[in-house]
Every structure is written in structure tokens, then in C-alpha cells.
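Encoded as C-alpha cells, the structure appears first; notes follow it.
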Amino acid sequence: MKCYRCGAELTKHNFCTSCKSDVRQYKQIMYASNRMYNSGLEKAGVRDLTGAARDLHQCLKLNKEHVDAHNLLGLVYFEMGEVAQALCEWTLSTNLQQENNVANQYISELQKSPSDLNDLDQAIRKYNLALAYCEEGNDDLAMIQLKRVQSLNPKFLKASLLLALIYMHHNEYDKASPLLKKVLKADRGNVTAQRYLNEISETLRKGSEKKRKKEETVRYERDNEVIIQPANVTEPKSGSGLITGLVIGLVLGAAVIFFLVMPSRLQSARSDYEETLRLNSETMDAQNVTISELESSLETLQEQYDTLSEQYAAYFGGSDSESVADSLIMAASAYLTNPADYETFYSYFAVCLSQDEALEESTSSISVLYQQLKELVASDARDYFYNMGYSAYGSGDYESAYTSLGAAVLYDNTYADAWYYLGICCSELGFTDEAKEAYERVIELVPGTNTANLAQDYLDALE
């Protein structure tokens with residue numbers, strides 16, 4: 001253990017032998033952090049993933065530089081099917097310790113198979129789509145998406161829990177129970193799955209009791225009265241005239257049924273048959289309408305799939321270009337290593353900025369990380385590249401100025417000064433169309449100002 005102030009190795013004393021700092025509380029915090037890590041390690045060993053994640057979070061609250069805790073938490077997230085969270089933990093770990101870190105191997109193994117990464121990304125998208133369907137009340141479409149999520153990422157426990165909850169909502173407990181047992185097999189400490197199973201057991205128990213009580217009694221009518229008696233009790237028989245009365249009653253009953261009841265019964269049966277035919281016809285018409293709607297929905301979903309496929313190709317690229325995901329991870333690593341090194345950061349982040357519109361509209365974990373990084377560096381990076389471009393412009397190096405000012409407006413699309421000097425550089429380099437766009441952008445951002453008037457003069461000259 002090293003001193004938090006000078007970095008010297010600590011001894012058994014309650015003070016640092018190098019800088020004389022009091023380290024008693026620091027040692028207690030580090031010991032508590034290690035205890036929570038050991039507890040998380042034990043729970044992960046018996047597949048109590050929820051408990052392990054909870055203890056590891058406590059460990060990292062006490063010591064955010066605990067490399068082993070970051071690595072183990074990443075493995076726990078990966079076993080839960082939350083790959084984006086796992087990648088974040090491993091990336092933080094590699095920034096804390098670059099050499100001899102097993103997290104590098106984990107990240108490399110994931111990046112070896114682009115198809116697997118594609119499946120994992122599609123699983124997250126379909127899960128988010130299923131959540132949206134649930135909020136809209138479209139449980140059938142949500143179940144379709146969740147079943148596809150299970151085929152793409154069988155470890156995604158949240159998807160299994162949501163599908164089980166939908167089954168429970170529709171009283172399909174025989175389908176929900178296997179899913180919940182599968183979740184508990186992967187994560188023994190999953191409280192949500194345990195609560196769902198308890199609710200299913202309680203509901204089935206109450207239903208069984210009601211059925212048993214109903215079977216224990218017999219209900220019938222006699223002399224306009226409703227009689228309820230136990231099933232194992234029989235009504236006592238009458239005396240000697242029972243057989244004669246029974247025969248007479250049967251004869252009279254048969255006559256009444258034949259002359260009075262049967263015609264009305266036949267008419268009623270005919271009416272019921274016609275009504276059944278009408279209902280079946282209406283049902284078939286409704287089913288035909290539903291089939292037409294589903295076919296239309298399928299076409300819409302196919303169009304969305306094609307659009308998402310194009311966006312995915314833009315995100316992850318091919319063999320001839322670096323993927324957006326790889327560039328984003330390298331940019332995050334560069335920023336964490338040296339936040340002031342904007343040139344290294346921009347060399348990776350420029351690939352992401354080229355897909356800015358698609359990433360802004362997306363809700364994937366890649367887009368979330370991109371937006372967070374952009375917010376962190378936007379203001380400082382904009383000023384840095386603007387100053388660099390303005391200096392190059394002043395020295396007549398229009399090509400360097402064009403590159404730097406172009407980076408500045410990518411970080412801040414509303415920076416009128418950067419657009420103004422970028423337009424001048426484009427004019428000097430012969431990029432007429434780009435120069436016009438830059439001047440028009442200045443006039444749009446700061447109308448009526450001196451800068452806008454100068455831009456209008458340049459624009460008139462070009463036209």
C-alpha cells in the first residue's frame with residue numbers, strides 16, 4: 001500500500017515514514033475497499049452476480065483506482081449480458097494500468113469478432129425497442145423483439161426478466177417460470193427474478209384453493225330454490241310410491257319436452273348457429289385486417305432495419321476504414337491519458353464527428369459515450385483549434401488554417417468567427433462551394449453585424 005500524498009510504501013505504523021502524514025483513516029478505507037472486493041469475488045464465484053456487482057460498486061466508491069475491481073465488475077456485467085458496461089469498466093482499468101492488465105485481453109477478444117459485436121449491438125437496440133413497445137401497450141411486438149434479443153444475446157438477463165413479466169401480465173405462468181429459473185441459474189442473487197417467482201407461486205396457490213373449494217360442493221335448483229350441499233352427501237330417497245311417481249313423471253316430462261320444449265329449443269339452436277356463423281365471419285374479417293396491418297408493419301420494420309443497417313455500416317465501417325466504435329474507444333483513452341492533447345484526441349474523434357447526425361439521433365451505448373465525450377471537450381477543443389487556425393491564417397498557411405478551422409466548427413457549429421475565416425481560406429484554396437456555404441452560415445448566425453456584412457461582400461464577389 002502506498003501513501004496517498006507522497007507515494008511511498010506504507011509500513012505498519014499509522015503514519016507515513018516519508019512525509020509523516022497520518023494514514024490511519026486512509027488504511028481503514030483501503031482495507032474496507034479490499035474487503036468489499038473479496039466479498040464481491042466470493043459472490044461472483046457462486047454466481048451471485050447481483051450481489052457481486054453491488055459489493056464491487058462499494059469497493060470502487062472507496063478506491064476508484066482498484067484495477068482488479070474494475071476488471072471483475074466488467075466480467076460480472078458481461079455475464080449479465082451488459083457488454084457496453086463491461087467495456088467501460090475494462091477501458092477504465094486499462095487507463096489506470098496499461099501494462100500486464102488482463103483487461104487488454106478482454107477488449108481484444110471482443111474486437112476480434114465484428115459479427116459478435118454486431119449481434120450484441122442489435123440486441124441492445126431491440127431491447128430498447130421492446131421497452132418502447134411496452135410503454136405503448138404493444139405487448140405482442142415487445143415479445144417478438146425480446147425473443148430476438150434472447151437469440152442474439154442469451155446472457156442478457158434484463159431481456160429475460162422483461163419477457164417473463166409480459167408473460168405474467170397475460171397469465172402465461174408456464175412460460176414465465178422457466179425464464180425466471182434460467183435467470184436465477186445465471187444469477188442466484190437476482191432479487192427481481194425471485195420476487196416474480198414468489199408472485200407466480202402465490203397466484204397459483206390461491207387459484208388451486210378456489211378450485212378445490214368449488215369441487216367440494218354441489219349446486220342445483222329445486223322448487224325455485226338453490227341448494228348447495230357437500231359432494232359426498234346424497235339426498236335421502238322417498239317411500240314406496242317413488243317408482244310409480246318416477247315413471248309417471250318421466251312420461252309427462254317426455255310429452256312436455258316433445259310438444260312444448262323441443263320446437264323452441266330447435267329455434268334457439270338455429271338462432272345460435274346463425275349467430276355463431278356471423279361472429280365467425282366478423283372474426284375472420286378482423287383477422288384479415290390484422291394480417292394486412294402486420295404485413296404493413298413488417299414492411300415498415302424492414303425499412304427501419306435497412307436504415308439501421310446503413311447506420312451500423314457507418315458506425316462500424318468495414319475492412320478499409322477504422323470503425324466508429326474503435327475510434328471512440330481510442331479517443332476516450334487519449335482524453336483520459338492527456339485531456340489537453342487535442343490533436344491526438346481529434347485524430348480519433350474526427351471519425352466520430354463525421355457521423356455526428358446519426359450518432360446524435362441514436363440511443364445506443366456507443367452514442368451515449370460519444371455525446372458525453374463531445375460535451376466534455378467541445379468548448380476547449382473549439383477554442384484550441386480556432387486559435388491554431390487563426391494563427392495559420394495570419395501566417396498565410398491557408399491549408400493548415402483550413403484543417404484547424406474545420407475542426408473548430410465541427411466541435412461548435414455556431415462559432416461565427418471560425419466560419420468566417422474558414423470561408424476566406426476556402427476562397428484562397430479555390431474551394432468556392434465550401435466558401436459560399438461558410439459565408440452563408442456567418443450571415444445566418446450573426447445577421448446585421450460587421451462580420452456578417454463582410455461575409456456578404458465576399459459572397460457577392462464569389463457569385
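Excluded from the calculations below are hydrogen atoms, water molecules and symmetry mates; all remaining heavy atoms, backbone and side chain alike, are included.
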Worksheet item: Do we see a donor-acceptor contact under 3.5 Å between the side chains of E202 and N198?
Response: no
Fill in: Heavy-atom side-chain proximity of V183 to L161 below 4.5 angstrom
yes
Practice prompt. Look at the side chain of N95 and the backbone N and O of T91, then say whether any donor-acceptor pair between them is shorter than 3.5 Å.
Written response: yes
Worksheet item: Looking just at side-chain N and O atoms, do T94 and N104 make a donor-acceptor pair shorter than 3.5 Å?
Response: no
Worksheet item: Does the side chain of V442 come within less than 4.5 Å of D417's, by heavy atoms?
Response: no
Practice prompt. Begin from the C-alpha positions of T414 and W419 and carry the test side chain to side chain contact (heavy atoms under 4.5 Å, CB included) through to its verdict.
Written response: CA-CA 8 Å; T414 63; W419 279 110; over 6 Å; no
Worksheet item: Any side-chain heavy-atom pair from V83 and F156 closer than 4.5 angstrom?
Response: no
Practice prompt. Determine, using ring centers only, whether Y173 and Y167 are less than 6.0 Å apart.
Written response: no
Worksheet item: Between S427 and T432, is any pair of side-chain heavy atoms under 4.5 Å apart?
Response: no
Worksheet item: When you check the side-chain N and O atoms of S395 and D397, is any donor under 3.5 Å from an acceptor?
Response: no
Fill in: D48 side chain to N190 side chain, donor-acceptor N/O pair below 3.5 angstrom
no
Discussion item. Donor-acceptor check, side chain of N153 to backbone of A123, threshold 3.5 angstrom: yes or no?
Written reply: no
Discussion item. With a 4.5 Å cut-off on side-chain heavy atoms, are L445 and R441 touching?
Written reply: yes
Discussion item. With a 6.0 Å cut-off (strictly less than), is the heavy-atom count around CD of Q98, excluding the residue itself, greater than 12?
Written reply: no
Worksheet item: Around atom CD of E172, are there more than 12 heavy atoms of other residues, nucleotides or ligands at under 6.0 Å?
Response: yes
Worksheet item: How about F431 and Y402: are their ring centres within less than 6.0 Å of each other?
Response: yes
Worksheet item: So does K158 have more than 12 non-hydrogen atoms from other groups sitting under 6.0 Å from NZ?
Response: no
Worksheet item: Do L56 and M36 have side-chain heavy atoms sitting under 4.5 Å apart?
Response: no
Worksheet item: Between the main-chain N or O of I329 and the side-chain N or O of S333, is there a donor-acceptor pair closer than 3.5 Å?
Response: no
Discussion item. Could you go through C134 and L162, starting from their C-alpha distance and side-chain angles, then the distance that decides it, and tell me whether this counts as side chain to side chain contact (heavy atoms under 4.5 Å, CB included)?
Written reply: CA-CA 9 Å; C134 288; L162 181 57; 4.2 Å; yes
Practice prompt. Answer yes or no: does atom CZ of R47 have more than 12 heavy-atom neighbours from other residues, nucleotides or ligands under 6.0 Å?
Written response: yes
Item to complete: Give the ring-plane orientation class for Y458 versus Y439, where under 30° counts as parallel, over 60° as perpendicular and anything between as tilted.
Response: parallel
Discussion item. If the test is ring pair (Phe, Tyr, Trp, His ring centres under 6.0 Å), which one of Y390, Y415, F385 qualifies with Y421?
Written reply: Y390
Worksheet entry | Pairwise side-chain contact, L129 with L141, heavy-atom cut-off 4.5 Å (strictly under) | no
Discussion item. Do L180 and I200 have side chains that approach each other closer than 4.5 Å (heavy atoms only, starting at C-beta)?
Written reply: yes
Item to complete: Go through the side-chain N and O atoms of T449 and T451 and say whether any donor and acceptor fall under 3.5 Å apart.
Response: no
Item to complete: Could you please spell out the steps behind the side chain to side chain contact (heavy atoms under 4.5 Å, CB included) verdict for S404 and Y386?
Response: CA-CA 7 Å; S404 298; Y386 172 75; over 6 Å; no
